[in-house]
Amino acid sequence: MAHLFLVKDIAFQAGLSTATVDRVLNGRPGVRRQTEMRVKAAIAELEKQQAGAMGSGRMLAIDIVMETPQRFSDAVRAAFEAEMATFLPGVFRCRFHFAEVMKPAELVQLLDRIRLRGTHGIVLKAADVAEVAAAVARADAAGIPVVTLVTDLPNSARIAYAGADNRAAGETAAYLIGEFLGSDGGKVLVTLSSGRFRGEEEREIGFRRVIRARYPDIGITEISEGHGTDAATGTLAAAALAADSVINAVYSIGGGNRAVLAAFDAAKRPVRVFVAHDLDADNRALLAARRIGFVLHHDLRTDARSAFRAIMSRATALPRAVTPSLSSVEIVTPYNMPAAD
């Protein structure tokens with residue numbers, strides 16, 4: 001298997017041991033097909049990163065670590081790759097580490113491996129739990145800046161947060177749903193991927209506050225721990241619908257929207273209004289098909305730019321650290337959906 005990279009770099013990118021990678025590269029027996037594909041994918045990713053790091057000036061290699069559904073990680077990858085080009089000749093090289101579900105111990109192990117291997121910075125979307133905050137503190141003590149993305153770790157040693165005002169986003173969702181349902185009332189199914197994410201918690205707090213204050217005739221039913229995956233989220237949504245005949249609206253904080261709609265279809269129940277987050281591929285298609293009414297969108301390229309600038313300010317020892325401003329929340333309908341990048 002031809003390549004130009006160190007075995008340890010391929011192993012780190014693939015999440016495998018150097019011995020396993022060596023067996024794959026040298027065609028030795030006893031290697032599973034799935035393992036071989038992981039090594040090939042790692043080499044392809046390294047080649048892509050190398051091609052994107054052309055140009056003069058200092059190169060800053062950073063690691064993007066996210067626990068998130070693939071549909072969102074695809075959108076984040078596209079945003080960061082698009083923004084890399086705008087920082088020439090000071091080039092960023094991004095190494096992506098994505099998983100749809102990661103136990104805190106697994107994520108901490110990954111962060112510690114990155115710290116020990118070395119990096120110019122980490123961009124992190126992770127659960128707000130003590131062990132992750134401790135890993136961020138270890139990275140910061142080693143001189144590695146950490147920027148949180150989309151969901152914050154406010155009690156950690158991260159240097160900045162890049163993302164939207166999640167509480168304001170939840171309040172906006174409450175206003176849209178409350179005004180749409182009006183005096184007819186009803187009940188909203190609020191879906192979270194997990195209660196461990198600070199950003200989702202902030203959205204829910206904002207949503208509940210406005211519903212309680214302005215729309216007291218509207219009830220709320222919450223489902224959580226589907227991790228934004230279709231299978232788990234769909235099962236939770238179907239159970240909620242079976243238990244409550246009043247549910248007639250959805251505020252999707254955590255994703256899995258196709259599965260949520262399928263649960264309503266299977267129960268032969270209408271959805272009067274559906275508010276979702278993020279213009280990923282799924283939501284674009286659902287919005288265009290009028291299956292969902294509103295998407296609360298913030299520009300991921302703005303978030304990527306903020307993260308790059310915060311890390312660059314630390315790496316170049318600027319006298320004053322860059323503090324990213326919150327990205328604005330845009331209400332997107334089928335009639336004002338921006339073109340895909």
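Just so it is clear, the values below take in all heavy atoms, side chains as well, and ignore hydrogens, waters and symmetry mates.
In this structure the side chain of Phe274 reaches within 4.5 angstrom of the side chain of Ser252, judged on heavy atoms. Using a 4.5 Å cut-off on side-chain heavy atoms (C-beta onward), Leu107 and Leu110 make no contact. Within the 4.5 Å cutoff, the side chain of Ile62 has no heavy atoms near those of the Arg95 side chain. Counting only heavy atoms from C-beta outward, the side chains of Phe96 and Phe80 approach each other to under 4.5 Å. With contacts defined as side-chain heavy-atom distances shorter than 4.5 Å, the pair Arg158/Asp152 qualifies. At least one side-chain heavy atom of Val24 sits less than 4.5 Å from a side-chain heavy atom of Thr35. With a 4.5 Å cut-off on side-chain heavy atoms, Phe72 and Val150 count as touching. A 4.5 Å side-chain heavy-atom check between Val271 and Asn248 finds every atom pair outside the cut-off.
For Thr151, the side chain to side chain donor-acceptor pair (under 3.5 Å) criterion is met by no residue, not counting sequence neighbours. Listed by chain and number, the residues in a ring pair (Phe, Tyr, Trp, His ring centres under 6.0 Å) with His97 are Phe12 (sequence neighbours excluded). Residues satisfying the side-chain contact (heavy atoms from CB on, under 4.5 Å) criterion with Ser73, sequence neighbours excluded, are Thr68, Gln70, Phe98. Applying the salt bridge (Lys or Arg N to Asp or Glu O under 4.0 Å) rule to Arg28 yields the partners Asp22; only residues at least two apart in sequence or on another chain are considered. With sequence neighbours excluded, the residues that form a side-chain contact (heavy atoms from CB on, under 4.5 Å) with Arg291 are Leu261, Asp265, Leu286, Ala289. For the side-chain contact (heavy atoms from CB on, under 4.5 Å) test, residues two or more places apart in sequence or in another chain that qualify with Asn336 are Glu330, Val332, Thr333. The salt bridge (Lys or Arg N to Asp or Glu O under 4.0 Å) check on Asp74 picks up nothing, with sequence neighbours excluded. The side-chain contact (heavy atoms from CB on, under 4.5 Å) check on Ala42 picks up Ile10, Gln13, Ala14, with sequence neighbours excluded. Taking the ring pair (Phe, Tyr, Trp, His ring centres under 6.0 Å) definition, one finds that Tyr251 meets it with Phe207, His277, sequence neighbours left out. For Arg269, there are no salt bridge (Lys or Arg N to Asp or Glu O under 4.0 Å) partners two or more places apart in sequence or in a different chain.
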Starting from the C-alpha separation in whole Å, work towards a yes-or-no answer on salt bridge (Lys or Arg N to Asp or Glu O under 4.0 Å) for Arg117 and Asp63. CA-CA 11 Å; Arg117 183 256 284 147; Asp63 292 84; 2.9 Å; yes
Assess the residue pair His297 and Asp278 against the criterion (side chain to side chain donor-acceptor pair (under 3.5 Å)); give the C-alpha distance rounded to whole Å, side-chain angles, the decisive distance to 0.1 Å, and a yes or no. CA-CA 5 Å; His297 173 63; Asp278 304 315; 5.4 Å; no
Given Asn166 and Arg203, is the side chain to side chain donor-acceptor pair (under 3.5 Å) satisfied, shown in steps? CA-CA 5 Å; Asn166 285 305; Arg203 291 173 183 177; 2.9 Å; yes
Decide side chain to side chain donor-acceptor pair (under 3.5 Å) for Glu200 and Ser194; before the verdict, give the C-alpha distance in whole Å, the side-chain angles of both, and the deciding distance to 0.1 Å. CA-CA 8 Å; Glu200 294 194 8; Ser194 174; over 6 Å; no
Before you tell me yes or no, could you show the steps for Glu204 and Arg208 under salt bridge (Lys or Arg N to Asp or Glu O under 4.0 Å), namely the whole-Å CA-CA distance, both residues' side-chain angles and the distance that decides it to 0.1 Å? CA-CA 6 Å; Glu204 183 194 18; Arg208 285 184 179 273; 3.0 Å; yes
Stepwise side chain to side chain donor-acceptor pair (under 3.5 Å) check, Ser327 with Asp299: CA-CA 7 Å; Ser327 49; Asp299 184 15; over 6 Å; no
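Put simply, Met84 and Met312 are part of the same group of oily side chains (I, L, V, M, F, W, Y) that touch within less than 4.5 Å, one to the next. Under the 4.5 Å side-chain heavy-atom criterion for grouping Ile, Leu, Val, Met, Phe, Trp and Tyr, Val260 is not connected to Val190 through any hydrophobic cluster.
When all heavy atoms of Ala139 and Val146 are compared, the closest pair comes out as CB-CG2, 4.0 Å. Of all heavy-atom pairs between Thr233 and Gly226, the closest is OG1-O, 3.6 Å. Across Gly228 and Ser193, no two heavy atoms sit closer than the pair N-CB, 3.5 Å. Ser224 and Gly195 get closest at one heavy-atom pair: OG-N, 3.4 Å. Taking every heavy atom of both residues into account, Ala240 and Ile247 meet most closely at O-CD1, 3.7 Å. Arg71 approaches Gly254 most closely through the heavy-atom pair NH2-O, 4.3 Å.
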Just list the side-chain donor-acceptor pairs under 3.5 Å for residues 167-180, sequence neighbours left out, or say none.
| residue | atom | partner | partner atom | Å |
| --- | --- | --- | --- | --- |
| Arg167 | NE | Glu202 | OE1 | 2.7 |
| Arg167 | NH2 | Glu202 | OE1 | 2.8 |
| Arg167 | NH2 | Glu202 | OE2 | 3.2 |
| Glu171 | OE2 | Arg209 | NE | 3.2 |
| Glu171 | OE2 | Arg209 | NH2 | 3.3 |
| Thr172 | OG1 | Ala168 | O | 2.9 |
| Glu179 | OE2 | Tyr215 | OH | 2.7 |

Return a table of donor-acceptor pairs under 3.5 angstrom between the side chains of residues 123-134 and protein atoms on other chains or two or more places apart.
| residue | atom | partner | partner atom | Å |
| --- | --- | --- | --- | --- |
| Lys125 | NZ | Glu67 | O | 2.9 |
| Asp128 | OD2 | Arg198 | NE | 3.0 |
| Asp128 | OD2 | Arg198 | NH2 | 2.8 |

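No donor-acceptor pair under 3.5 Å is formed between the side chain of Arg115 and the backbone N or O of Val136. In terms of modelled atom types and a separation under 3.5 Å, the side chain of Asp165 and the main chain of Ser328 share no donor-acceptor contact. With hydrogens and angles disregarded, no donor-acceptor distance shorter than 3.5 Å links the side chain of Thr20 to the backbone of Leu16. Side-chain atoms of Ser245 never come within 3.5 Å of backbone atoms of Leu241 as a donor-acceptor pair (strictly under, hydrogens ignored).
The line from CZ of Arg32 to CE of Met37 is 13.5 Å long, rounded to the nearest 0.5 Å. A distance of 5.0 Å separates CG in Leu60 from CZ in Phe92, rounded to the nearest 0.5 Å. Considering OG1 of Thr119 and CD1 of Ile144, their distance stands at 6.0 Å, rounded to 0.5 Å. A distance of 6.5 Å separates CD1 of Ile159 from CD1 of Ile311, quoted to the nearest 0.5 Å. In this structure, His227 NE2 and Arg196 CZ are separated by 6.0 Å, a value rounded to the nearest 0.5 Å. The OG atom of Ser306 sits 12.5 Å away from atom CZ of Arg301, with the distance rounded to the nearest 0.5 Å.
Among the candidates Asn283, Thr191, Asp282, the single residue satisfying the side-chain hydrogen bond (donor to acceptor under 3.5 Å, both in side chains) test with Asn257 is Asn283.
Counted within 6.0 Å of CD on Glu106, heavy atoms from surrounding residues, nucleotides or ligands total more than 12; the atom is thus considered enclosed.
For the pair Lys40 and Glu36, the salt-bridge criterion is met [side-chain N within less than 4.0 Å of a carboxylate O]. With respect to Arg258 and Asp230, no salt bridge is recorded, no charged nitrogen being found less than 4.0 Å from a carboxylate O.
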